[in-house]
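Here is the naming used below: chain letters follow the sequence lines, and residue numbers restart at 1 for every chain. This structure is a prediction, so every number in the text was calculated from the model and none was measured.
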Amino acid sequence: MIPAPETFNLDHTLGCGQVFRWRKTGKWWYGVVEDKVIRITKENGSLHFYSQPEKIDSHFIKRYFRFDDDLQGIISQISKDELIKDAVRKVRGLRIVRQEPWECLISYICATNANIPRIKIMIENISRKFGEKIRFDREEFYTFPKVQELSRTKINELKCCNLGYRSKYVLDTARNISNGKIDLSELQKLDYNTCKKFLLTKLKGKKLLPGVGQKVADCILLFSMEKTEAFPIDVWIVKAITDFYQSLFNFSFIEKLKKQTGRKAITITDYDTICSTMQKYFGKYAGYAQEYLFHYIRTKCQLNGKKTRDKCIYAGYWKLDLEALSGI
DNA sequence: GCATCACCTAGAGG
DNA sequence: ACCTCTAGGTGAT
C-alpha cells in the first residue's frame, strides 16, 4: 500500500470510460492489466492493491495511473473557462491511465458505434476466447490476447465475440501488426502529428489499421502513446463546441456544425479545425481537458435523467460566460 | 474535398 | 408485443 496523491479518484479514473477492463464490486476495483489481475481500493488516502499471478509494486501503480503527471499543475493550465473549471470541480481526481498500445488500439476500433457497456462486453469476449485464464479471489479473469493470437483467428470467431462489422477491422489490424507492417512501440517515439499520420497510413489505398479514423487515432495517442495533447472529438465534444465554445470559431462554422447534429459524423477537415483550435486553447494537456469535459457532460446528462444527447440541452444550465473565453 | 449510406446489435423509448 | 432509434465513427462510393 502506498499513499495516493490528493488529486486521485479511482471511481472517476476507472469509471470514466477510458479503460474497459475494470469493474467495481464493493469497495474493490478489479481489473486486468497486461498479464495480471489487479484488485485495488483507496482508503484513508492510501492505495491498497493485490495482484495475480505476479505481484505488482508501487512503481507499477505510479506508472499506470500516471502519478508522474502533476495533476494540480495540469488543472491550472487547462482551467481556461467556467465550463472546464466546473468539470474539474465535479470530476476531481480523474487521471489519464497509461494503457498498453495494442489492447488500446483494438479496444477503440471496437468502440465505434457502440456504447461503453457494449465495448466492455466485446473486449471481455475477446479475452475470454483468446486470452489466458487467471484465477483470483475464486473468480476467473482473462488476459487480453497477444497480437499473434488474434492475427491467427478467423473472422467468424470474432463475430462470435459480438464484434459485428468490426471483426474484419480487428483481424486485418492484427495481421498488419503481426507481420510487421506497422510497429506500435516505434510509433510511440514519434511526435503527435507524425504518430497520428502513421496510425492513419494507407498502403495501396488500404488502411494499415482499418477501423482507425481520426477519433480512434486520437484515443490511442492519448491513452497509450504519451500524447497528452491529443484531443479526441466525438459527438459529445462536438456538442460542447456548439453549445459552449462557439466564440473560438467562426459563426458560420458553428452554424454548419449545428445543422449536422443528429447526423453521424463530422468531416475530416472540420475535425482538424476543431482539434487544432482546442489544442491551442488548452495547451499541452488538452487531452486531460477532453476527458474532464467528456465525463462531466455524460454524467450530467445521466443525472438529468435524459438518455440521449439531443434531449440533453444545456439551455439554462450552462452559464454561457463567453466573456471568459475571449482571452484567447 | 464533400455528402450519403451501410454497418453489428443490445437495449431504451415510443 | 412490435417498431424505431441510438451508441466514444469509419469505409466505400
Should A:K206 and A:D172 count as an ion pair when the cut-off is N to O under 4.0 Å?
-> no

Using the P atom as the reference point in each nucleotide, state the distance between B:dG11 and C:dT10 in Å, no decimals.
-> 25 Å

Are A:K168 and B:dC7 close enough that a side-chain N or O sits under 4.0 Å from OP1 or OP2?
-> no

Out of C:dT10, C:dA7, C:dA12, minimum distance to the side chain of A:K206 belongs to C:dA12

Give one of base, sugar-phosphate or nothing for A:P210, where a contact means two heavy atoms less than 4.0 Å apart.
-> sugar-phosphate

Nearest-nucleotide comparison on DNA chain C, the residue closer to the 5′ end among A:V212 and A:C219 | A:C219

Side-chain donor or acceptor of A:R66 paired with backbone N/O of A:I96 under 3.5 Å = no

Spacing of A:I116 atom CD1 relative to C:dG9 atom P, expressed in whole Å = 10 Å

Integer-rounded Å distance: B:dG1 P and A:K256 NZ | 12 Å

Check the distance between C:dT10's P and A:I233's CD1 and give it to me in whole angstrom.
-> 11 Å

Distance between P atoms of C:dT4 and B:dA6 (Å, rounded) | 15 Å

Give one of base, sugar-phosphate or nothing for A:G211, where a contact means two heavy atoms less than 4.0 Å apart.
-> sugar-phosphate

State which of B:dC8, B:dG1, B:dA10 makes the closest approach to the side chain of A:R118.
-> B:dC8

OH of A:Y271 versus P of B:dG1: gap in Å, rounded?
-> 18 Å

Considering residues, nucleotides and ligands other than A:K55, do more than 12 of their heavy atoms fall under 6.0 Å from its NZ?
-> yes

Nucleotide opposite C:dG11 in a Watson-Crick or G-U pair, distances under 3.5 Å | B:dC5

Check every strand shown and say whether A:D234 touches a base, only sugar-phosphate, or nothing at a heavy-atom separation below 4.0 Å.
-> base

Which nucleotide sits closest to the side chain of A:V216: B:dA10, C:dA7, C:dT10?
-> C:dT10

Between B:dC2, B:dC8, C:dT10, which one does the side chain of A:T112 approach most closely?
-> C:dT10

Grab the NZ-C1' distance between A:K159 and B:dT9 for me, whole Å please.
-> 13 Å

Taking atom P in both C:dC5 and B:dC5, what distance in whole Å separates the two?
-> 14 Å

Roughly, in whole Å, what's the span from CD1 in A:I220 to C1' in C:dG9?
-> 13 Å

Would you tell me if any nitrogen or oxygen in the side chain of A:K207 comes within less than 4.0 Å of OP1 or OP2 on C:dG11?
-> yes

Atom CD1 of A:I297 to atom P of C:dA7: distance rounded to whole Å?
-> 14 Å

For the ring pair A:F136 and A:Y50, is the centre-to-centre distance below 6.0 Å?
-> no

With distance as the sole criterion, do the side chain of A:Y165 and the base of C:dG9 form a donor-acceptor contact below 3.5 Å?
-> yes

Ring centroid separation for A:F60 and A:F49, is it under 6.0 angstrom?
-> no

Could you give the distance separating B:dC8 and C:dT13 at their P atoms, to the nearest angstrom?
-> 15 Å

If you look at every strand shown and take non-hydrogen atoms under 4.0 Å, does A:I109 touch a base, only sugar-phosphate, or nothing?
-> nothing

Side-chain (A:S151) to main-chain (A:Q148) donor-acceptor, under 3.5 angstrom | yes

Please give, in whole Å, the distance from C:dG9 C1' to A:Y169 OH?
-> 9 Å

